[in-house]
Amino acid sequence: MSVNKKTPQDAVTQVINSLEPIFKDRLQLGLAVREQHGQGEDSYGVMPPDAVVFARSNAEVAAVLKACHQWHVPVIPYGVGSSIEGHLLATRGGICIDLSQMDQILETNAADMDCRVQAGVTREQLNTELRYAGLFFPVDPGANASIGGMASTRASGTNAVRYGTMKENILGLTIVTPQGDIVQTGGRARKSAAGYDLTHLMIGAEGTLGVITEIRLRLHPIPEQIKAAVCSFDTVDAAALSVIDAMQCGLPLARIELLNALQMQACIAYSDLQGFAPRPTLFFEFHGSEASVSEQIASLQAITDDHGGTGFSWATSTEERNALWKARHNAYYAGMALLPGHRALTTDICVPISQLADTINDAEAKARELDLTCPVVGHVGDGNFHMLILVEPGNNEQLGRAQQLSHHLVSESLRRGGTCTGEHGIGIGKKSYLLQEHGAGVALMQSIKRALDPHHIMNPDKIFDL
């Protein structure tokens, strides 16, 4: 991770002075607030901005960008702080724009199944509001992230195998450019061939090309029936092969999550799961009509039986289902609790589904070879899994082994036709992997960055170096 020179203080002072009349007490200079906004849920430490502003409108975001563009001061957008790749580090100081107060659901169109929300609306807030219309937004990364942050990192999650990622569920955006212009991309039509696809250029740009302030989302009807199931296996290989067979048979499962034995042990202890064994385990969820769900269940149970799956059990009530998925969503914290005081180096590789079993087997074997504690959890229905590599702070020898494992996983993923990140993004920690994956394509990305942000003020030092 690179640490760069701070922005000249006189430029920062000029920007702060110009913003104070607009934001008043919503412009914060205190160290505690700045440190809170200079970190995510990652292991990269804290790099606070020079100031934090709490924006409430597109016009206020534009005012910040205009001032920062004039004085060449960096801007770091902030949602709820749940990113885990160093996206929020103010490597050069600057102004953090907190969008959490832009939390309005601006419109809902039930007939067309779309809505428009401000960037600070959270996933859980949106679905609470939508349930009265019989609709829901399916992208579920686990954390109660902001919709703007999820768009910026091209988030995915447990439902992606059926409903897709943020990329497939965004129809349009309102963005504020580095120069402070307010631009709308996309629209309510389900398809368009009009000009460059600016919407998808901004999705996953990690705040390096502009600030996303509003998002138009594709919605889905709440299924007639939802059922969740759990099945355990003797080996991770058997569980992964069950997933491969299920996907190749075209089963329309809503979620397929894999936890290895160590991760399952952690979740049992952390979430007090009763009646489960610390074995490789698959979590499933089925959506649809009563008849279609019954057909899916029968087909899947036959597949898991063929691979030695046992203990196929159901979460029969809404409360049981929610408890089961809450335990899955808390897997990160459960894994961290295996070795209290340690920090985590997270991995996020994604491979073609046919390569899943071999890739996980290789990852576990390499972790054993390097004598590292590594729970595994993944959205394996689309080939994405995370290995949490636990490292003792200050133990440089162990950190070296952890980095060696991380490098190995990425190299194996790329060799098998995969990617270095399925959903977390590049941030500050995976820039070398991006070069390894895309090669000369990174130069093209840099050209786009230079054209749209000539002063390099938008979330500098993320994705690649300039």
Side-chain angles (χ1 to χ4, degrees), residues 58 61 77 79 83 85 87 99 106 109 112-119 121 123 126 137-141 145-157 159-179 181-220 348 350 379 382-384 418-427 430 434 437-453 458-459 462-464:
N58 294 337
V61 174
S83 63
E85 290 296 345
H87 296 104
L99 299 161
L106 301 172
N109 305 295
D112 293 315
M113 292 192 293
D114 68 59
C115 69
R116 182 166 60 94
V117 303
Q118 289 184 308
V121 171
R123 176 183 62 83
L126 176 60
F137 179 65
V139 183
D140 178 4
S146 68
I147 300 298
M150 291 167 64
S152 293
T153 57
R154 201 185 302 140
S156 179
N159 282 321
V161 63
R162 176 160 182 168
Y163 297 100
T165 70
M166 288 299 286
K167 178 178 67 174
E168 289 79 31
N169 286 282
I170 293 178
L171 296 170
L173 301 169
T174 300
I175 59 171
V176 181
T177 71
Q179 295 75 25
D181 298 321
I182 300 171
V183 177
Q184 291 187 345
T185 74
R188 293 187 60 204
R190 290 298 167 122
K191 62 180 182 179
S192 172
Y196 292 167
D197 190 347
L198 298 178
T199 300
H200 287 90
L201 175 63
M202 294 295 169
I203 298 170
E206 302 180 19
T208 63
L209 300 178
V211 179
I212 295 173
T213 58
E214 295 176 6
I215 308 96
R216 186 173 294 281
L217 299 167
R218 186 190 304 269
L219 304 177
H220 299 262
D348 178 32
C350 186
H379 318 309
D382 48 17
N384 185 202
T419 177
C420 65
T421 173
E423 58 185 0
H424 293 165
I426 297 298
K430 292 182 177 174
L434 184 70
E437 180 170 339
H438 286 295
V442 174
L444 182 58
M445 298 179 199
Q446 292 170 327
S447 297
I448 295 170
K449 167 74 170 175
R450 291 187 180 99
L452 298 185
D453 180 21
M458 296 306 309
N459 209 9
K462 311 311 185 317
I463 302 184
F464 43 70

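The chain is numbered in sequence order, starting from 1.
Not a single donor-acceptor pair under 3.5 Å links the side chain of D453 to the backbone N or O of K449. One N or O on the side chain of D197 and one on the backbone of H200 form a donor-acceptor pair closer than 3.5 Å. Formation of a donor-acceptor pair under 3.5 Å by the N169 side chain with backbone atoms of V139 is not found in this model. At least one donor-acceptor pair under 3.5 Å links the side chain of T177 to the backbone N or O of D181. Put simply, the side chain of S83 never gets that close to the backbone of E85: no donor and acceptor are under 3.5 Å apart. Judged purely by atom type and a 3.5 angstrom limit, T153 has no side-chain atom pairing as donor or acceptor with the backbone of H424. Distance alone, capped at 3.5 Å, is enough to place a donor-acceptor pair between the E206 side chain and the G427 backbone.
For the pair R218 and E168, the salt-bridge criterion is not met [side-chain N within less than 4.0 Å of a carboxylate O]. Ion pairing between D114 and R188 holds under the 4.0 Å rule for side-chain N and carboxylate O. Under 4.0 Å is where a charged nitrogen must lie from a carboxylate oxygen, and between R116 and E214 at least one such pair does.
Rounding to the nearest 0.5 angstrom, the gap separating the CD1 atom in I147 from the OG atom in S152 is 11.0 Å. Atoms OG1 and CD1, on T174 and I182 in that order, are 8.5 Å from each other to the nearest 0.5 Å. With rounding to the nearest 0.5 Å, the separation of CD1 in I463 from CD1 in I426 is 7.5 Å. Considering CD1 of I170 and CZ of R154, their distance stands at 10.0 Å, rounded to 0.5 Å. The CG atom of L217 lies 4.5 Å from the CZ atom of F137; values are rounded to the nearest 0.5 Å. Note that the CD1 atom of I215 and the CG atom of L173 stand 6.5 Å from one another [nearest 0.5 Å].
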For a side chain to side chain contact (heavy atoms under 4.5 Å, CB included) check, start with the C-alpha distance between T213 and I175, then their side-chain angles and the critical distance, and finish with the verdict.
CA-CA 6 Å; T213 58; I175 59 171; over 6 Å; no
Passes side chain to side chain contact (heavy atoms under 4.5 Å, CB included), H220 versus R162? Steps please.
CA-CA 11 Å; H220 299 262; R162 176 160 182 168; over 6 Å; no
Verify side chain to side chain contact (heavy atoms under 4.5 Å, CB included) between C115 and L106, making sure each step is shown before the conclusion.
CA-CA 8 Å; C115 69; L106 301 172; over 6 Å; no
Worked check of side chain to side chain contact (heavy atoms under 4.5 Å, CB included) between L444 and H438:
CA-CA 10 Å; L444 182 58; H438 286 295; over 6 Å; no
Taking it one step at a time, do N159 and H379 satisfy side chain to side chain donor-acceptor pair (under 3.5 Å)?
CA-CA 8 Å; N159 282 321; H379 318 309; over 6 Å; no
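For the residue pair T165 and S156, no side-chain donor N or O sits within less than 3.5 Å of a side-chain acceptor on the partner. Between the side chains of E437 and T419, at least one donor-acceptor pair of N or O atoms lies under 3.5 Å. Under 3.5 Å, the side chains of N459 and T208 contain no donor-acceptor pair of N or O atoms.
Between T199 and R216 the shortest side-chain heavy-atom distance does not fall below 4.5 Å. Side-chain contact check for E423 versus M166: every heavy-atom pair is 4.5 Å or farther apart. With a 4.5 Å cut-off on side-chain heavy atoms, R123 and D140 count as touching.
Scanning both residues, M150 and P141, for their nearest heavy atoms gives CE-CD, 3.7 Å. When all heavy atoms are compared, the tightest approach of G210 to P178 is CA-CD, 4.4 Å. In this structure, G79 and S146 approach most closely via the heavy-atom pair CA-OG, 3.6 Å. Listed here is the closest heavy atom pair of L452 and M202: CD1-CE, 4.3 Å. Counting all heavy atoms, side chain and backbone alike, G425 lies closest to T421 at N-OG1, 2.9 Å.
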